[in-house]
Undergrad: 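Structure below; questions to follow.
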Number of protein chains: 2
Amino acid sequence: MNQQILFAKAIADETRQKIMQILCCSWLSVNDIVDKLGNNVSQPTVSHHLKILNDAGLLQRRKEGKQVYNSLNQEQVSVCCGQLLVKFAPELVANDKVLVEN
Amino acid sequence: MNQQILFAKAIADETRQKIMQILCCSWLSVNDIVDKLGNNVSQPTVSHHLKILNDAGLLQRRKEGKQVYNSLNQEQVSVCCGQLLVKFAPELVANDKVLVEN
DNA sequence: CATACGTATAGAAGTTTATCTATATGTTCC
DNA sequence: GGAACATATAGATAAACTTCTATACGTATG
């Protein structure tokens, strides 16, 4: 599957977007994520979602002892959004009308 | 469903991405799109995808006589990508490291 | 006004996806 | 090496999604 679709599918789920937000600016183990999600989601489910995010290149992962620490790869988010903009908003990109506002 | 998820789901399908690209810089009727897709997809299927894209705010639609003309709403793509960047690449956004390159 | 044409909707079939429980795998520490 | 723990995988189930065919709806035109 191509990268655009892989990225889109990865972010097209509420639980995964929650996980992405949790991992946005911190490094957490799988069980940390389960806890942060408020025990509404099982550990295998989180594991499964992490795999999908990782396959889309959206995670940084680091094994440390028994635990695997995860963090969101903001760079990849940025690259993918950039590609989407070039592909689907080319006129705005060409005219520098693409703004990212907080 | 919230806007981020609606957008992500809308773009998370290959046929819809093809339709989006076809409609990116032109106005086409439903049957025009069917033709451009090379008859691999039926008219009802295209109709269905257009509804999903429209529900996500990604289309501009104009009825003219018997036909309904469609075009991609690049502005909405831009807004949604911007929101994704703010949400999932905040550190890059804060440091103006988000570039959109052709 | 009836027919033709463009689009939308209904319903069904097959596939993918999200989630769970149970269990396997791998690592640390006694 | 064995117990405890963290994560991954397997298998099952239910829901969602993509696509099709058949058909309904709505508008323009002879």
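To find a chain, count down the sequence lines: A is the first, B the second, and so on, and within it residues start at 1.
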Undergrad: Whole-Å distance between C:dA8 P and B:Leu59 CG?
TA: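 Atom-to-atom, B:Leu59 to C:dA8, this comes out as 11 Å.
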Undergrad: Is B:Thr15 near enough to D:dT19 that one of its side-chain N or O atoms lies under 4.0 angstrom from OP1 or OP2?
TA: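 Yes, because at least one side-chain N or O of B:Thr15 sits under 4.0 Å from OP1 or OP2 of D:dT19.
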Undergrad: Taking CG from B:Asp13 and C1' from D:dT19, how many angstroms apart are they, rounded to a whole number?
TA: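 Going from CG in B:Asp13 over to C1' in D:dT19 covers 10 Å.
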Undergrad: Which of the following nucleotides, D:dT19, D:dT7, D:dC17, is nearest to the side chain of A:Val68?
TA: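 For A:Val68, the side-chain atoms sit closest to D:dT7.
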Undergrad: Within the structure, does a side-chain N or O atom of B:Asn31 lie under 4.0 Å from either OP1 or OP2 of C:dC5?
TA: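 For C:dC5, neither OP1 nor OP2 has a side-chain N or O of B:Asn31 closer than 4.0 Å.
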Undergrad: Between C:dG6, D:dA8, D:dT19, which nucleotide has the shortest distance from any of its atoms to the side chain of B:Gln67?
TA: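 Between C:dG6, D:dA8, D:dT19, the one nearest the side chain of B:Gln67 would be C:dG6.
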Undergrad: Does the side chain of A:Val79 come within less than 4.5 Å of A:Gln3's, by heavy atoms?
TA: no
Undergrad: Is there a side-chain contact between A:Arg62 and the phosphate of D:dT7, meaning an N or O under 4.0 Å from OP1 or OP2?
TA: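 The answer is no; no side-chain N or O of A:Arg62 sits under 4.0 Å from OP1 or OP2.
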Undergrad: Hey, could you give me each pair passing salt bridge (Lys or Arg N to Asp or Glu O under 4.0 Å) that has a residue in residues 8-35 of chain B? Not counting sequence neighbours.
TA: none
Undergrad: Could you check how far NZ of A:Lys63 sits from P of D:dA6, rounded to whole Å?
TA: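 To the nearest whole Å, that distance equals 14 Å.
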Undergrad: Classify the nucleic acid contact of B:Asp32 as base, sugar-phosphate or nothing, counting any heavy atom under 4.0 Å across all strands shown.
TA: nothing
Undergrad: If you check the B:Arg16 side chain, which of D:dT18, C:dA8, D:dT7 turns out closest?
TA: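 The listed nucleotide nearest to B:Arg16's side chain is D:dT18.
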Undergrad: Take the protein atom NZ of A:Lys51 and the nucleotide atom C1' of D:dA6, then report the distance between them rounded to whole Å.
TA: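 Rounding to the nearest Å, NZ of A:Lys51 and C1' of D:dA6 are 18 Å apart.
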Undergrad: Let's see if you can work this out: which of D:dA8, C:dT7, D:dC20 has an atom nearest to the side-chain heavy atoms of A:Pro44?
TA: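 Output: D:dA8.
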Undergrad: Grab the CG-P distance between A:Asp35 and D:dT7 for me, whole Å please.
TA: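 In whole Å, D:dT7 P and A:Asp35 CG are 10 Å from each other.
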Undergrad: What's B:His48 touching, base or sugar-phosphate or nothing? Going by heavy atoms closer than 4.0 Å.
TA: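 The residue B:His48 makes base contact.
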Undergrad: Do any side-chain nitrogens or oxygens of B:Lys66 fall under 4.0 Å of OP1 or OP2 in C:dA4?
TA: no
Undergrad: Are OP1 or OP2 of D:dT21 and a side-chain N or O of B:Ser42 less than 4.0 angstrom apart?
TA: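 No, B:Ser42 has no side-chain N/O under 4.0 Å of OP1/OP2 on D:dT21.
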Undergrad: Report the distance from atom CD1 of B:Ile19 to atom P of C:dT7, rounded to the nearest whole Å.
TA: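 From B:Ile19 CD1 to C:dT7 P: 13 Å.
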Undergrad: Identify whether any heavy atom of A:Ile52 sits under 4.0 Å from a base atom; if not, whether one sits that close to sugar-phosphate; answer base, sugar-phosphate or nothing.
TA: sugar-phosphate
Undergrad: Classify A:Asn40 by what it touches in the nucleic acid, base, sugar-phosphate, or nothing, heavy-atom distance under 4.0 Å.
TA: sugar-phosphate
Undergrad: Quick one: does any side-chain atom of A:Asn70 pair with a main-chain N or O of A:Leu28 as donor and acceptor, under 3.5 Å?
TA: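 Yes, because the side chain of A:Asn70 sits within donor-acceptor range (under 3.5 Å) of the backbone of A:Leu28.
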Undergrad: In terms of side-chain heavy atoms of A:Gln43, which of D:dT7, C:dA8, D:dT9 is nearest?
TA: D:dT7
Undergrad: Considering residues, nucleotides and ligands other than B:Lys36, do more than 12 of their heavy atoms fall under 6.0 Å from its NZ?
TA: no
Undergrad: Please name the residue in the list B:Ile33, B:Asn73, B:Leu58 that meets the side chain to side chain contact (heavy atoms under 4.5 Å, CB included) test with B:Leu23.
TA: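 Result: among B:Ile33, B:Asn73, B:Leu58, B:Ile33 is the only option passing the side chain to side chain contact (heavy atoms under 4.5 Å, CB included) with B:Leu23.
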Undergrad: How many whole angstroms separate atom OH of B:Tyr69 from atom P of C:dT7?
TA: 8 Å
Undergrad: Do any side-chain nitrogens or oxygens of A:Thr45 fall under 4.0 Å of OP1 or OP2 in C:dT19?
TA: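 It does not, given that no N or O in the side chain of A:Thr45 lies less than 4.0 Å from OP1 or OP2 of C:dT19.
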